[in-house]
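Notes follow the structure.
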Amino acid sequence: QVQLVESGGGLVQAGGSLRLACAASGRTFNNYATGWFRQAPGKEREFVTYISRTGGRTFYADSVKGRFTISRDNAKNTVYLQMNSLKPEDTAVYYCAARRSDSFDYRGQNYDYWGQGTQVTVSS
């Protein structure tokens with residue numbers, strides 16, 4: 001079992017930055033690939049980014065490519081999401097999720113553990 005807790009959300013103006021953190025407890029975190037997803041009001045949950053167990057591979061949704069950066073510190077059992085040049089359309093609840101398989105997957109149903117989410121609001 002892995003417990004995930006997100007933090008770092010908040011209110012920011014367009015063009016600003018936020019860094020989210022996803023802290024894991026329970027099983028050894030470096031046995032799990034990790035993804036970030038988001039869900040805006042009235043919309044379906046969408047994939048944002050993925051990082052492999054060791055951090056050697058990352059993937060991004062086209063909508064965030066070049067603006068967001070995912071990283072991980074396995075010694076601290078934490079995955080980070082650095083979000084720059086934020087836009088109002090980035091407003092959503094952001095969730096981190098972990099999966100045992102190290103292969104890339106953008107589908108949320110293929111992740112085994114989820115955090116409770118953190119709200120990110122970008123004002124125009």
Within a strict 4.5 Å, meaning less than it, do heavy atoms of the Thr121 and Val12 side chains meet?
no
Ring pair (Phe, Tyr, Trp, His ring centres under 6.0 Å) with Phe104: which of Phe59, Tyr60, Tyr111?
Phe59
Spacing of Leu81 atom CG and Trp36 atom CH2 [to the nearest 0.5 Å]
6.0 Å
Gln116 and Val5, any side-chain heavy atoms less than 4.5 Å apart:
yes
Do Glu6 and Tyr95 touch side chain to side chain, with heavy atoms closer than 4.5 Å?
yes
Are the side chain of Thr91 and the backbone of Val122 linked by a donor-acceptor contact shorter than 3.5 Å?
yes
Got Thr34 and Tyr50 here, is their nearest side-chain heavy-atom distance under 4.5 Å?
no
For residues Arg100 and Tyr113, is any side-chain donor paired with an opposing acceptor at under 3.5 Å?
yes
Lys76 vs Phe29 side-chain heavy atoms within contact, under 4.5 Å
no
Would you say Ser101's side chain and Ser103's backbone share a donor-acceptor pair under 3.5 angstrom?
yes
Distance-only donor-acceptor check, side chains Ser25 and Gln3, under 3.5 Å:
yes
Given the rule in the side chain to side chain contact (heavy atoms under 4.5 Å, CB included) test, do Ile70 and Tyr80 qualify, once you have shown the distances and angles that lead to the verdict?
CA-CA 6 Å; Ile70 190 171; Tyr80 302 98; over 6 Å; no
Flag side-chain contact, heavy atom, 4.5 Å: Met83 against Val64
no
Could Asp62 and Lys65 be called an ion pair, given the rule that one side-chain N must be under 4.0 Å from one carboxylate O?
yes
d(Lys87 NZ, Ser85 OG) to nearest 0.5 Å is 8.0 Å
Can you check whether Arg99 reaches Asp105 side chain to side chain, under 4.5 Å on heavy atoms?
yes
Could you tell me whether the side chain of Leu18 reaches within less than 4.5 Å of the side chain of Val120, counting heavy atoms only?
yes
Which of Val79, Thr78, Thr58, Asn77 passes side-chain contact (heavy atoms from CB on, under 4.5 Å) with Arg72? It is Val79
Parallel, tilted or perpendicular: ring planes of Trp114 versus Phe37, cut at 30 and 60 degrees
tilted
Kindly compute the distance separating CZ (Arg107) from CZ (Arg45), expressed to the nearest 0.5 Å.
12.5 Å
Exactly one of Leu20, Asn84, Thr49, Asp90 clears side-chain contact (heavy atoms from CB on, under 4.5 Å) with Phe68, and that residue is Asp90
Checking Arg67 side chain against Ser63 main chain: does a donor-acceptor pair fall under 3.5 Å?
yes
